[in-house]
Every structure is written in structure tokens, then in C-alpha cells.
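Take a look at the structure set out below.
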Amino acid sequence: MSSTVLFGVQWGDEGKGKIIDVLMENCDVIVRFQGGANAGHTVEVGDEKFVLHLIPSGILREGRSCIISNGVVIDPIALVEEIKGLEARGINVRNCLQISNRAHIVFPYHKLADAMKEDAAKDKSIGTTRRGIGPAYSDKASRVGIRMAELKNIDRLESLYREQAALYNEKFSAANCETLDIDSAWTELKEVAEILAPLVTDTVYTINAAIKAGKKMLFEGAQGFWLDIDHGTYPYVTSSNTSVGGACTGAGVAPKHIDEVYGVVKAYTTRVGEGPFPTELHGQEGEDLRQAGNEFGATTGRPRRCGWFDSVACSYAVMVNGIDKLAVTKMDVLDNLDELKICTSYMLDGAETKEVPVSAEDMDRLEPVYETMPGWKTSTVEVRSWDDLPENAKAYLSRLSELLDCKIGIISTGPHRRETFFV
Ligand code: GDP
Ligand code: IMO
Ligand code: MG
């Protein structure tokens, strides 16, 4: 297999960063293809913990090429901060990172617009990460976005930026909201633009040349399938295609070059931000899962909502994305439970269904139908093979695989690189 796409199957934070880092041992090139600094991908190596937002999680493997491709929206200030943070910890970034000239820029006015919209929406807010993602993708779709290519022509970048920033400030003033200090923001932008400009290139050629040369490619998704702008729990979604198709458009790669699709699932479910979550556990059970799994956002630190595994939602993701293999993470978090539940269908208005309704309102009204399985009550942290898993853990995983009609390729039983095994 030369090209693998990996993405999250639930609502994000499935452990993609960790699994990417593991798979990168045998890959040459890693491409981050959508989203922006809303992502937080955690990788633990040795005694160190890294949280990556824009830089591909393969950066921690020396000698690999890392690419941020055209489908990503890039906050240049956040990116430079991330680069400097990694370099201060001895990670070589600038020698191996390339950034697409087609990727759109997230400007400070996008972040203000994100916050303004969220604040105005009050109890109808999306619960975004406030990283300017929605406004930046909106500008891209509205054809007024500014792309990374402009970093190579500072004067042009400045005039494009000033034009857009003035328009945004008019909107902010009209809404009695905080406006952007255009001059001081420009001083900072100019500085980071100069740092990033040498890394900006046409990554579509780089990526396709690497494929042609037989390099092992890994395409890294951010967020999760149920946050996809088309397929997710709209409007409680992010603003990009987090699903497998996003890799083709977001990296400039033909579908025929994708050989394998890996879906990462947590052994239970979490969600951060607002929006429907049929298997959410309210009260003590949810709190216990949050503590056991240390479920706090890697980007915003917000507590994640926790619940049981939803096989109906995950099956839809398997169908849409043609997932070949699953990576199941955080099995160890379930080690102490007496019993576990898996949602196998929903009740909606008195009728049972195995289909996910389109509207968030209907999704909110779903009552999950659960199958209960016995827990294994043994630590799985040191387990390194399928055969060594407790019988009840095998039964749980086998049932997930059966319900999703998808093989399990990787099992993760701890945050560390070594706490992983292939099946
Ligand atoms: P991502 O956004 O999908 O990369 O996931 P995050 O990094 O936001 O969240 C996953 C969290 O779970 C991180 O803190 C990881 O270090 C941690 N993690 C990943 N796999 C495992 C696992 O198998 N067990 C445990 N206990 N933690 C894990
Ligand atoms: P990773 O890659 C979990 C959620 C936000 C919010 C919604 C829209 O770490 O899995 P946005 O800022 O994108 O406009 O917010 O999407 N969200 C994530 N949730 N993990 C993420 O990324 C997320 N990125 C965005 O909480 O509900
Ligand atoms: Mg995350």
C-alpha cells in the first residue's frame, strides 16, 4: 500500500495524532489536508507530550516530509508559534515542512468574526474553537479569501489584507463589536509572512511526484467524520470536508491513488462543543468516563462530553468513506467498567431505526437502543497482541467490528507510542 488516508470517525479527538505517529514509522510523507488550528493532535514520545495544531503529526519522526496542503486554512501567526515551539524542543521543522501556496490564510479578523458570531448566537452557538475557521472557509467559498501564495509578495499581501480587514471592521463596528487594530496586526503578520514564505510551494506537484516515485504517503485528517460540513450534524459541524473525499480535494490527489482508508474510533464516544450526541452520558457516568479518559480538549481545554459507542453513527461513516480498517483507541479507559453499552439502533417517535436522521433537531430526540456487554476488569495497558487481550475485551472489539462490518487493524491501550499493536 502506498497511500493511506486516515481520519476520525466520530466527533474528533479519536486519537488520530497518536495513530499517525505510529503509522509514520513506515511512511515517507505526511500530508495534512483540511481544517486549521482548530485541531489538537496529541503525540506522546518518551517522556514528552506534543500537541500539534497545524503541523502534521508525522513531524516527530525524523527525516519524513511534512506537507500542509491546499485544503487547510492556515493562521500564519499560530503556525509560526507552533514551529518555534517545536524547534525549541529540538524538532527540526523548517527543513522538512512544505506549505501549499493554494491554502487560504486565517487572518486575525477571521478570529474576531468567529467570536462575534458565537457571542451573538448565545444559546444557539456552535461552540467553535474560535480559531477563525468558519469565517476563513466562508471567505474561500465567497471568493474573497487570500492564499498563502501571497506571502511571496508582501506588498500585494498587505493591500489585500488591508482591503479585507477594513470591510470586516465596518461589520464589527456596525455590530458594536471589537474592531481589529489593522496596523499593529499587519506588523505581526508581516513578520510571520517573512518566516513562512520560503516554505510556501506548489504542494500538488510535490505530492503527486512523491506518489509517482513510490513514496509511502499518509494523509492526515483533522476533526472527525460527524463534524464534516456535508455529512456531519449540521449546523453543528466544522467548515471543511473531514471525510475521505476531503483528502482528494484538499491535497490535489486522484481517488485512484488512495490505496487504503483508516478510520480512527475511540472505544467510546466524545464530543466537544454543541450539537446532538445521541449516546451522551449525563451525570456521574459521563463524569467518570471523562476523568478516566482525561477528556479535556487539546486545543481549548474544554471538558469533552462523553458517551457510549454509537455503532449506528460509525456505520454511516464506514459506508460513506469505504473504511478498510479501524484503529480503536482508548481501550484502557474502559478497563474498570462492570459493563459496557453499544448503541445498535435508535428510537425516533416510537419507531426503531438504524438510519441517522438529517436534522440536528431529530438527532436530539433520538433514544439510543443499547446492547450491554460485560466489562473485562483487567488492565489492558501492557497488552501488545490480540491474543493477550482479556476475553471480554476481545468480545467487545469483535462486536464493534461486526456491527461496523469493518476490520480492526490497530488497537491502542494508552497514549504512548508503544501502547499500540497491530491486529
Ligand atoms: P486527535 O485530535 O484525534 O489527535 O486526539 P486528541 O489528541 O485531541 O485526543 C486524544 C487524547 O487521548 C490525547 O490526550 C491522547 O494522548 C490520548 N490517547 C490516544 N490514544 C490513547 C489510548 O489508547 N489510551 C489513552 N488512555 N489515551 C489515549
Ligand atoms: P481534532 O482534529 C474536536 C468542533 C468544535 C465545534 C465545531 C466547530 O483535534 O479532532 P470550528 O472551530 O471548527 O469552527 O468548530 O467543531 N471541533 C473539534 N472537536 N476535535 C477537533 O479537532 C475539533 N475541531 C473542531 O468544538 O463543536
Ligand atoms: Mg484533538
Within 6.0 angstrom of N92 CG, more than 12 heavy atoms from elsewhere: yes
Carboxylate-amine/guanidinium contact K394 E391, below 4.0 Å: yes
Donor-acceptor pair, side chain of E220 and main chain of F33, under 3.5 angstrom: no
Ring pair (Phe, Tyr, Trp, His ring centres under 6.0 Å) evaluation trace for F50 with H41: CA-CA 8 Å; F50 299 87; H41 297 173; over 10 Å; no
Partner residues of Y236 under the ring pair (Phe, Tyr, Trp, His ring centres under 6.0 Å) criterion, sequence neighbours left out: none
All side-chain contact (heavy atoms from CB on, under 4.5 Å) counterparts of I229, not counting sequence neighbours: Y234, V237, N241
R102 and D202 ion-paired at < 4.0 Å: yes
Y137 six-ring centre to K140 NZ/CZ under 6.0 Å and within 45° of normal: no
Residues that F225 engages under ring pair (Phe, Tyr, Trp, His ring centres under 6.0 Å), provided they are two or more places apart: H231, Y316
Smallest separation among heavy atoms of L157 and F107, with atom names: CD1-CZ, 4.2 Å
Within 6.0 Å of CD in E178, more than 12 heavy atoms from elsewhere: no
Full working for ring pair (Phe, Tyr, Trp, His ring centres under 6.0 Å) between F277 and W11: CA-CA 9 Å; F277 180 179; W11 278 275; 5.6 Å; yes
Within 6.0 Å of CD in E287, more than 12 heavy atoms from elsewhere: yes
Flag if over 12 foreign heavy atoms under 6.0 Å of NZ, K117: no
